[in-house]
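So the structure is just underneath, and the comments pick up after that.
Side chains included, hydrogens not; waters and symmetry mates left out as well; all remaining heavy atoms used. On a predicted model such as this, the values are computed, not experimentally measured, just so you know.
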Amino acid sequence: MGEKTPLHSEHERLGARIVDFGGWDMPLHYGSQVEEHHAVRAEAGMFDVSHMTVVDIAGADAGPWLRRLLANDVARLQAPGKALYTCMLNEDGGVIDDLIAYYLAPERYRLVVNAATRAKDLDWMQRQAAGVAVSVTERPELAMVAVQGPAARERAIALLPEADREAALALAPFTAMPCGELFVARTGYTGEDGWEIILPAAQAVPTWQALLAAGVRPCGLGARDTLRLEAGMNLYGQDMDETTTPLESALGWTVAWEPAERDFIGRAALQAQRDAGPPRKLVGLLLQDRGVLRAHQRVVTPAGDGEVTSGSFAPTLGRSVGFARIPAGAGEQVEVDIRGRLLPARVVRPPFVRNGKPRIQLD
């Protein structure tokens, strides 16, 4: 038996197929992964993401400490509620985790990190905080629900105090605000509009049930994975890990190189790789034949072999797409070894889908 979120009884009541995910008992789907995927693209779906880890950072050194800890620069967050996506690197430039950092107030920040990396993330942060005027506080008493889709905010607005609704609807992407006891962020992992709502665990079930009554479809990890893949978003542990750098994981855009004097952890190694040229790159693939791309399949290129890191049938496109890490010099046409057959695939630039529409040429 794994750990359970405050919504576990709701998942069981709704007939979810429960699977282990990083030590948590989580819903894979509630009957149809594909229907859940389409519900998010067309209307609104909700995900229990309470297994993710919320960590609050506070103290006189919070800002400078995060500028050392993270490859992106929290100094860019000039107003409370602003958020940024970043990697947390080791000294070799490898990705310990990817996360979202929120600026709450002077000397106060909030990080949301992955579930499977919780223990090592907290250990790494606590070690880096030694001797620094900063506190690292995990918030296990909080739950988190993601409401995603073109109608998501409209369906969820009634959850918020009336006085906060107008401001919440006006939130720009990658900004957040407190709404009573809720923390509402216009972020997500599906390529659709919506909110990620952090809330007290005791409010998770009534909030979930209210969203259900508002017509928001419960969705499991299966749909979450195909949605994020279509949206061109990396999955930690597959598309990046401690053996790969942001430059090899199509995440160079998340590294703040300026100001040059900011010495974030991993900078020297990353700079050396940048100067020499990364030997590998992460690309999007569109399979040009029947079949399904899956992680660990061999990718054959004129510059040498690579490997599929994520792959699936994309319900919105009706085609199979994926990410692959291939030699930097590989061209646009590759082949993927699927059960002993080399099938042609084309290198494309993610995202594959954004706001429900294809973003790549399918023919």
[X] side, atom [atom1]; [Y] side, atom [atom2] - distance, nearest 0.5 Å:
X: M177; Y: W195; atom1: CE; atom2: CH2; answer: 9.0 Å
X: L212; Y: L14; atom1: CG; atom2: CG; answer: 6.0 Å
X: L251; Y: W253; atom1: CG; atom2: CH2; answer: 7.0 Å
X: H11; Y: K4; atom1: NE2; atom2: NZ; answer: 11.5 Å
X: M144; Y: L182; atom1: CE; atom2: CG; answer: 12.5 Å
X: T254; Y: L99; atom1: OG1; atom2: CG; answer: 10.0 Å

Scan side-chain atoms only and decide if [X] and [Y] contain a donor-acceptor pair under the 3.5 Å cut-off.
X: R228; Y: S310; result: yes
X: R325; Y: S249; result: yes
X: E230; Y: H37; result: yes
X: D97; Y: T117; result: yes
X: H8; Y: D25; result: no
X: Q238; Y: T309; result: no
X: Q209; Y: E10; result: yes

[X] versus [Y], closest heavy-atom pair with distance:
X: A303; Y: G329; answer: CB-C, 3.8 Å
X: R224; Y: V49; answer: CZ-CG1, 3.5 Å
X: R319; Y: L287; answer: NH2-O, 3.2 Å

Can you confirm whether [X] sits close enough to [Y] that some side-chain heavy atom of one is under 4.5 Å from a side-chain heavy atom of the other?
X: L317; Y: F352; answer: yes
X: V112; Y: T187; answer: no
X: P327; Y: T301; answer: yes

Problem set entry | R41, R153, R155 screened by salt bridge (Lys or Arg N to Asp or Glu O under 4.0 Å) with D193, the one that passes | R153
Exercise. Among R67, R267, R68, which residue meets the salt bridge (Lys or Arg N to Asp or Glu O under 4.0 Å) test with D73?
Worked result: R67
For this session: Compute the ring centroids of F47 and W208, then answer whether they are less than 6.0 Å apart.
Result: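 Ring centroids of F47 and W208 are no less than 6.0 Å from each other.
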Quiz: residues 331-338 side-chain donor-acceptor pairs under 3.5 angstrom, not counting sequence neighbours:
unit_1	atom_1	unit_2	atom_2	d
D337	OD1	G340	N	2.9
D337	OD2	R298	NH2	3.3

Seminar exercise, completed: The side chain to side chain contact (heavy atoms under 4.5 Å, CB included) partner of V136 among R127, Q126, Q128 is Q126
Exercise. Among T137, D121, L122, whose side chain to side chain contact (heavy atoms under 4.5 Å, CB included) with V55 holds?
Worked result: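 Exactly one candidate clears the test, L122.
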Using the salt bridge (charged side-chain N to carboxylate O under 4.0 Å, His left out) criterion, which residues pair with [X]? Sequence neighbours excluded.
X: R76; answer: none
X: R339; answer: none
X: D56; answer: R110, R139
X: E181; answer: none

Exercise. Apart from V34 itself, what residues make up its hydrophobic cluster when side-chain heavy atoms of I, L, V, M, F, W and Y under 4.5 Å apart count as a link, directly or indirectly?
Worked result: none
For this session: Evaluate the side-chain contact (heavy atoms from CB on, under 4.5 Å) criterion for residues L211 and L159: first the C-alpha distance (whole Å), next the side-chain angles of each, then the deciding distance (0.1 Å), finally the verdict.
Result: CA-CA 8 Å; L211 289 169; L159 296 173; 3.5 Å; yes
For this session: Mind telling me whether W24 and H51 have parallel, tilted or perpendicular rings, with 30° and 60° as the class edges?
Result: perpendicular
Exercise. With a distance cut-off below 6.0 Å to the six-membered ring centre and an angular limit of 45° from the axis, does R262 pair with W257 as a cation-pi contact?
Worked result: no
